[in-house]
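Here is how names work: the chains are called A, B, and so on, in the same order as the sequence lines, proteins then strands, and each is numbered from 1.
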Amino acid sequence: MQRMNLQQGRPFANGYSSRRVDTVVGTRTESKTQVRKSASPNFVSTNGTRVGRPTSPSRDRLIYVLTCLVGHHVEVHVKNGSIISGIFHATNADGDFEIVLKMAQVIKDGSVRERKSDHDSIKKPQPMVIPARELVQVLAKDVSLSDEFTPGQSCEKRKDLMIDSVISHSHHLETERELAPWMPGEDDPECPELENIFDGTFDRKWDQFETNEALFGVKSTFNEELYTTKLERGPQMRDLEKIALKIAREIEGEETQDLHLAEERGFSYHDDFNLDEESRYSAVRREVNGSGLRENENSDMEAYGSGIIAGSLGLATSGSCSDSLSKKNGNEAQASCNETQASSTSSSVVEEACLYTLADKGLGLSSVDVSSELKSDCIARSSSLEDEIRLDDNQIKDQGGKSERMAIQDSQTSDDVNTSIKSEEVSISAPLYDPSSSGQGNIITESSDSPVRGKLPAASESVDPPIRQGSSTSSSEYAHAESNRPFLSPSTSCGSLSSEKSTLNPNAKEFKLNPNAKSFTPSSSVRLHAAIPDGSFYQASNVNAVQHMHGLPMGVGVGPSFSHQPVFYNPQAAQIQSPQAYINPNGPVYGQQMIVGQHPQFYYVQSYPPEMPHKGRKF
Amino acid sequence: MEGGGGEELAVGCVLSLRTTLGDEIEGQIVAYDRPSNILVIQEGSSNAGARRNIRLLKANYIQDFTYLKKAEDPLDLNKCYIDLAGLQAREEASLRQAEIEAERIGVGVTSEAQSLFDALSKTLPVRWDKTVIVVMNEVRVSIPYLPENVTGGTPAANDRVKKVLEFERKRLQARGPGQF
């Protein structure tokens with residue numbers, strides 16, 4: 001044991017200390033052992049072969065330090081001045097502490113003082129033993145004497161295999177410090193209070209553009225109207241603004257099925273509260289189509305989805321009906337519409353939905369411009385819809401079907417013409433009507449022919465003309481901005497939500513009734529229906545027809561004729577206002593004030609898409 | 001130096017000493033074993049991440065020392081754990097590393113040759129074959145490691161090794177002859 005042996009696998013220090021530690025501690029906890037000063041007396045007693053060994057706390061310490069050096073790269077200084085570098089392998093702790101190094105090399109040979117020349121050869125590293133008498137000092141760099149068993153440190157020695165967490169961890173441990181929130185020492189008057197900076201934004205007298213111009217000579221070319229709708233500023237501005245604000249409030253107060261909208265508006269999503277964060281914020285949302293119609297699978301309808309219907313129907317214009325309605329909508333939205341045949345009410349809701357969405361489509365697009373001929377029936381109905389919604393809130397008390405509507409009709413302030421008509425519609429559509437907020441109820445009773453197969457095909461015809469008139473009047477009334485009702489709310493909400501491309505003409509201009517217009521008397525030659533072969537054009541025979549169109553509002557009677565083929569006009573007669581009368585929906589829209597002289601002699605009319613519904617007036 | 005002066009060599013004292021070999025050491029006493037006359041000194045500033053330089057110095061080589069101050073025991077005896085498995089692992093790793101490095105050193109080659117080898121090894125895989133530098137297992141550079149001595153390998157590899165060799169030689173010469 002005293003003499004070191006190179007072939008010995010187990011280093012002395014390790015073997016010694018491990019044995020010693022075993023006796024000291026008694027039980028070995030994994031690979032952690034504790035060296036204690038108090039262990040020395042135990043050592044003497046338990047291990048007989050070790051009796052007589054000098055033991056002292058200081059020796060223990062020395063042994064401990066040496067043990068920590070195992071595997072460490074050390075430099076051993078020897079008596080003759082040489083320095084040997086190697087990996088500390090073992091020491092003779094029982095004896096006089098000879099040093100055993102592995103992969104050792106003589107770095108600096110003290111025996112030869114002068115500098116070596118280029119031809120010195122470097123020896124291969126080999127295990128070396130340094131006897132104690134030669135030993136002067138052992139130098140080890142960057143040794144950690146405590147906490148040897150932290151994984152980061154033990155792994156750090158292994159330079160060939162290092163994982164990222166180890167690399168980052170080791171830095172982490174050392175730079176941690178107790179974090180405390182920042183508190184301002186004394187209030188720095190220089191620092192502007194962040195909360196107050198933007199208070200009273202509108203009261204600030206500071207104009208950034210002015211400042212910029214003054215400071216840097218930069219002229220601002222910002223024109224707000226380039227980016228947003230041009231506001232009509234004028235005497236009616238306040239009213240319009242009030243209307244707009246009301247609409248905005250209504251939209252924002254709408255109940256919605258959309259999770260994000262609901263959250264924005266502060267509504268708790270009335271169903272699933274066990275949605276986790278992922279479903280709420282990050283998962284892909286798939287629209288649940290609860291509005292599939294059992295009668296008519298109209299793609300338009302499906303596009304809106306149940307959410308829109310629920311939202312639009314949930315308009316809280318008056319609190320009285322909102323609860324029942326929301327419940328109903330909730331049921332409706334979630335249940336598949338295909339299963340709603342059971343109750344008539346639910347079916348009527350479906351009907352409402354059909355009609356309503358149609359109306360909304362129209363409204364959403366033509367909120368301002370209402371032109372009769374070029375718009376579909378929907379728009380006409382939607383304008384009447386506007387009428388209905390314009391009713392005051394306090395007029396809607398009844399939850400009953402007919403009576404409510406009748407009351408509404410009677411109290412309607414906008415249009416006398418419409419009143420009778422509406423009541424007529426109402427009575428016709430009584431079975432369809434579902435107690436809901438007033439404005440919608442009335443609208444929804446209408447049935448349109450082409451897009452939605454309502455239950456009242458017969459009534460549609462009779463309803464149409466009155467509606468037309470209603471639309472004209474309503475539009476004119478709208479221009480006066482008499483109403484305070486946010487009549488656009490359901491449509492705007494739907495319009496914003498819908499992604500359906502409308503077949504309506506966005507370019508159609510507002511219809512302005514021309515009281516001086518000559519009544520149109522269609523002649524057979526002008527009736528260019530499908531009978532006319534393609535490619536044909538009309539010559540002078542059409543002149544009189546064209547002349548008849550003088551002064552008529554746009555496209556009257558000529559509308560349907562263009563659905564299939566191009567038609568040449570040869571307006572040889574002078575002073576023909578036909579160009580302005582005829583509005584090509586696919587082309588640019590000119591104002592009615594277009595000067596006659598501007599038009600070319602031949603007015604080429606583009607062919608319509610065949611599926612274009614009849615947008616002209618029906619006399 | 002005699003073994004007297006117990007209080008000066010107490011654990012925790014900060015000393016500044018000088019050895020007979022001319023080394024100047026300043027550090028804190030970790031342990032002192034009288035029978036073997038070994039003094040364990042811990043260098044470095046205190047609490048510098050618990051990593052210090054450790055010196056085991058035979059006390060009889062201390063020429064003189066100066067007692068600087070008294071500090072507390074650097075070893076916290078409650079925290080003295082030895083992870084034997086960790087130590088063994090560390091040793092193995094160190095040995096592996098040392099062997100890898102040892103491979104890079106040619107036996108019986110001049111230091112200039114070694115410098116060339118090291119320079120080549122920065123960008124090319126090189127190994128020693130006795131006194132011949134073998135690059136990419138193809139190109140061989142033998143004594144005296146001149147561009148003419150580059151043999152073997154594809155012409156492209158050969159040229160590349162030649163170029164690198166010339167460049168390194170120039171660099172070594174520029175650094176000065178006595179800088180090896």
From [atom1] ([X]) to [atom2] ([Y]), nearest 0.5 Å:
X	Y	atom1	atom2	result
A:His72	B:Leu87	NE2	CG	11.0 Å
A:Glu75	B:Arg55	CD	CZ	9.0 Å
A:Thr91	B:Ile38	OG1	CD1	7.0 Å
B:Asn60	A:Leu135	CG	CG	9.0 Å
B:Glu92	A:Ile87	CD	CD1	11.0 Å
A:His77	B:Lys58	NE2	NZ	15.0 Å

Less than 4.5 Å to any heavy atom of chain A: does that hold for the side chain of [X], its backbone, both, or neither?
X	answer
B:Gln42	side chain
B:Ile25	side chain
B:Val30	both

Looking at side-chain heavy atoms only, is the closest gap between [X] and [Y] below 4.5 Å?
X	Y	answer
B:Asn53	A:Lys141	yes
A:Leu69	B:Leu56	yes
B:Leu95	A:Lys102	yes
A:Arg59	B:Pro35	yes
A:Val136	B:Leu21	yes

- Grab the two heavy atoms, one from A:Gly71 and one from B:Ser94, that are nearest each other, plus how far apart they are.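 Answer, listing the atom of A:Gly71 first, then B:Ser94: O-OG, 2.8 Å.
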- Query: Can you name the closest pair of heavy atoms from A:Arg133 and B:Tyr61 and give their distance?
  - Reply: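 Between these two residues, the closest heavy atoms are O-OH, 3.9 Å.
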- What's the verdict on side-chain contact (heavy atoms from CB on, under 4.5 Å) for B:Asp23 and A:Gln137, showing C-alpha distance, side-chain angles and the deciding distance? CA-CA 10 Å; B:Asp23 292 332; A:Gln137 71 169 335; 3.0 Å; yes
